[in-house]
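Structure record follows, encoded as structure tokens.
None of the values given here were measured: they were computed from a predicted structure.
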Amino acid sequence: MVNIESTSNAIWWIKNPNAGKGAGGKGDGRKESLGSSFSLDMVELLRNISLQGYNKLLAPELTLLERLIWLALHMTTFLAMLAVLLLTWEQFIAQYFVINLKDPLYPVENVPFPAVSICPNNRLSMQSVFTYARELQSNDPAFRQVEYFAEQLKYLSKLYVIGEVNDDVEEYLNFQAFLDLFGTWNNETFFNTRRIMKLLSPKCEDYILKCSLSNIDIPCFSATAFQESLTKYGPCCTFNTQNTLKNRDFKNRFANSAQGLTVVINASHADYFAPILHTNGYIVIVHDANNFPSIASSNSLEMFPGQREESFLKIFPRIIDTDKSLHSFSPTARRCYFHSEANMPDKNKYVYTFPNCITRCRIRSIVALCNCLPFQLPLELVDSLEGLVFCTLTHISCLSQYQFKWNNVLTERERIYGLEREIEEALYCPHCLPSCNDVQYRISMSVLPIDNYLATVKPDEDNETDITSDISVLRVFFGEPHAHLYTRLLNNQWFEIFSTIGNILSIFMGFSLVAIFELSFYFFKYIYIGCNRIIERNRANNHAKMFDASKLHIYP
């Protein structure tokens, strides 16, 4: 006969370890109690469980003191394990999202080429100003000189530089009153600031002379090249406005100065009338083609190349992608928006991006506080155009009052000692989150004398464009043939949680799947026994009631 106890230590293989043992067994004809059975099975479990050290609690060769030491050790280990699990569990339930480097050698031809906006420092063309001054003179009841109106039109440059101290408030307010009466067209109800500023701004054809892409000359002004568009500095010339260079091949990597965008710019000051920056050059804004170019809304970069210089502008992109599995999380949980999730105005040429959301939030605040829209900002990001007018000189005081608010944006508020006032006065846009799929650019610039470029110009090109007078050359290209691709994903996957908790259990208590099965078997066994006891007791009670009801009772 095989001795089961000597062949296996697994508690579920012992068919009836307590049969025939002791006075409480079934051999005496009495049914043992559930508590007694639980105690005996508990002893067998501790003696035969696969966890290390628990059989020491009932080892007959150990003294009582040694058993107490083992008990204290197990209790200390159990409490330490619970503390570590609680600390680890708080980290897991937080659902952390991380951005990891996925590919450090991502081909640059797969990266969208940014839009490049070029703006002259001179925001009012002298020729256009005198042309419009003669128009105002013809409408003037007092028949003042053209020079008077030309000097008055210089006040319009204040719409570019908001916040400066103005000592001539009464003068430009009177001039604005004149423009409201005599500077409007017949079909206009209010003075159209945007129309006039576009009329007075330098034309793209006047300062962009020649363009080449991938070392091939291209027409400067077309749908795939430069077009007039609005920027922070008003009407400027923007390359790649429609993001036509998003999809390219290996030949069009634009990864060196000869293969990128080359623009020859007229740097003459002959038409200067109202420069707004203390520089003798021009302004270059590098931004995503889907974004409104404004550094106050982030992700737009400005550089200020000088006059009569050849400037090399290197672009270093960084691509951020998001794992598709994160679609199941809410935008506030993953801390980003997919383009299809955000609410943008209907028929909008701008997709959702973080800079566009900040610009839209700023527009809402400006319209609410000053009841006007600066002519530089796009109408596509305005919620409602009903009753909306462009800001004029009469709104400068209001715009100046809240300039600090609109230049400082918060998406989250956190109390920081010493910055309480700044937090309260800043523009608060909690609904703006980063884009889940985004391209961020970093730029650097180096400069050479223009003589190096002039030495490479052919004589026929010199005669055709007359570029040897006052010019600047701008070269925009990717600084490296590869970019860094990052991906946003969930930090704690299910298998990471499983492995971490398993490691903690095995370190502290030597847990394994076998030990879990042993405890589960023991636990569910007594649940099953307890339920059966309750069912049998109910049946016995019901049977007793039925038998009692069928008895014949004789009452005296």
Side-chain angles (χ1 to χ4, degrees), residues 1-93 495-541:
M1 184 174 180
V2 179
N3 186 0
I4 297 179
E5 294 184 2
S6 64
T7 59
S8 175
N9 288 328
I11 191 65
W12 55 86
W13 290 111
I14 302 176
K15 302 301 183 182
N16 192 3
N18 299 319
K21 296 181 181 180
K26 294 182 180 180
D28 59 357
R30 291 180 299 172
K31 190 175 183 179
E32 63 181 351
S33 65
L34 184 62
S36 175
S37 176
F38 177 81
S39 299
L40 294 174
D41 281 352
M42 188 68 176
V43 171
E44 292 297 333
L45 176 66
L46 292 177
R47 285 175 177 172
N48 297 281
I49 195 169
S50 59
L51 294 178
Q52 298 296 323
Y54 282 86
N55 56 350
K56 302 293 185 182
L57 298 176
L58 300 175
E61 67 273 11
L62 298 181
T63 63
L64 178 60
L65 179 60
E66 291 174 331
R67 295 181 187 180
L68 292 177
I69 292 175
W70 276 103
L71 178 62
L73 175 64
H74 287 306
M75 291 182 63
T76 304
T77 305
F78 182 76
L79 293 177
M81 182 194 68
L82 285 181
V84 174
L85 283 177
L86 289 176
L87 294 175
T88 307
W89 185 250
E90 290 181 359
Q91 179 183 0
F92 285 134
I93 63 176
F495 53 85
E496 294 177 339
I497 300 175
F498 184 77
S499 61
T500 303
I501 293 179
N503 289 335
I504 294 173
L505 293 177
S506 61
I507 289 174
F508 283 95
M509 298 185 65
F511 253 102
S512 64
L513 291 178
V514 175
I516 294 176
F517 184 77
E518 287 176 342
L519 293 175
S520 300
F521 175 84
Y522 177 78
F523 176 73
F524 286 109
K525 170 187 174 182
Y526 276 93
I527 291 180
Y528 175 76
I529 294 175
C531 292
N532 278 342
R533 291 280 180 94
I534 295 174
I535 293 173
E536 291 177 359
R537 188 178 301 150
N538 290 336
R539 286 179 180 175
N541 292 336

Check your understanding: How many angstroms lie between CD1 in Ile534 and CD in Glu536, if you round to the nearest 0.5 Å?
Key -> 11.0 Å
Review point. CG/Asn532 to CZ/Arg539 distance, rounded to the nearest 0.5 angstrom?
Key: 8.5 Å
Check your understanding: Which distance, rounded to the nearest 0.5 Å, do you find between the CD1 of Ile69 and the CG of Leu64?
Key -> 10.0 Å
Practice item. Could I get the full list of side-chain hydrogen bond (donor to acceptor under 3.5 Å, both in side chains) partners for Asn538, not counting sequence neighbours? Key: none
